[in-house]
Amino acid sequence: CSGPTSSWHTSIRPAAAAAAAAAAFCVLGFEVTSLLELPPPGGIIVLWAVVLPLLYLLSTSITNLVLRDHSILKGPCPNCGTDNFTYFGDIFTVAGNRGSNLVECSSCKADLTYDMNKRVIVVDTTPEEKAQAMAAAAAKKAASAAKKAAAAAKKAAANKA
């Protein structure tokens, strides 16, 4: 399994950066654009030395505010090899899983258990086992329906006699 830094985690940062840029623009208005329109070396220096670091700090703090004690595990399905992701941690005030997550593989539909502490992925139920369980449940449901129908037919026959 991969550790807490993954492409999914870093893909959240542009949204936070856009929110931070919008907030900065709302507060400062067009003052930011006048700073960037300085003569050639000044505008670039302001952009790289002031604006971008501030946006990075704001986006990181927004991300850490939303995703608390976060860890995203990524790893291949032991059954088919497709990469799957799972998230451990809190989102705002909603408590998330801490120890293990049950995830269905996006490709083969096997049930996978991600263990955060051991950093392992285990197949709980293969697709074949799931199909057999579903067939057994369907057969049990059909048998129950047939039993109810037979009891209703028997009761109807008794009422006619």
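A quick note: this is a predicted structure, and the numbers were derived from the prediction, not measured.
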Could you pull out the closest heavy-atom pair between [X] and [Y], with the gap in Å?
X: Ser106; Y: Asn84; value: N-OD1, 3.1 Å
X: Phe88; Y: Thr86; value: CE1-CG2, 3.6 Å
X: Thr82; Y: Cys105; value: CB-SG, 4.3 Å
X: Phe85; Y: Tyr114; value: N-OH, 3.9 Å
X: Pro127; Y: Cys108; value: CG-O, 2.9 Å
X: Thr113; Y: Leu102; value: OG1-CD1, 3.7 Å

message = Within the 4.5 Å heavy-atom criterion, are Cys77 and Ile121 side-chain neighbours or not?
response =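 No, too far: nothing below the 4.5 Å cut-off.
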| query | Is any side-chain heavy atom of Val122 closer than 4.5 Å to a side-chain heavy atom of Leu112? | reply | no
[atom1] of [X] to [atom2] of [Y]: how many Å apart, nearest 0.5 Å?
X: Asp111; Y: Lys130; atom1: CG; atom2: NZ; value: 4.0 Å
X: Lys148; Y: Lys155; atom1: NZ; atom2: NZ; value: 13.0 Å
X: Leu55; Y: Ile62; atom1: CG; atom2: CD1; value: 9.5 Å
X: Leu52; Y: Ser59; atom1: CG; atom2: OG; value: 10.5 Å

Do Tyr56 and Thr60 pass the side chain to side chain contact (heavy atoms under 4.5 Å, CB included) test, and can you show the C-alpha distance, the side-chain angles, and the key distance before you say yes or no? CA-CA 6 Å; Tyr56 174 78; Thr60 302; 3.5 Å; yes
Does the Asn101 side chain pair with the main chain of Tyr87, one donor and one acceptor, at a distance under 3.5 Å?
-> yes
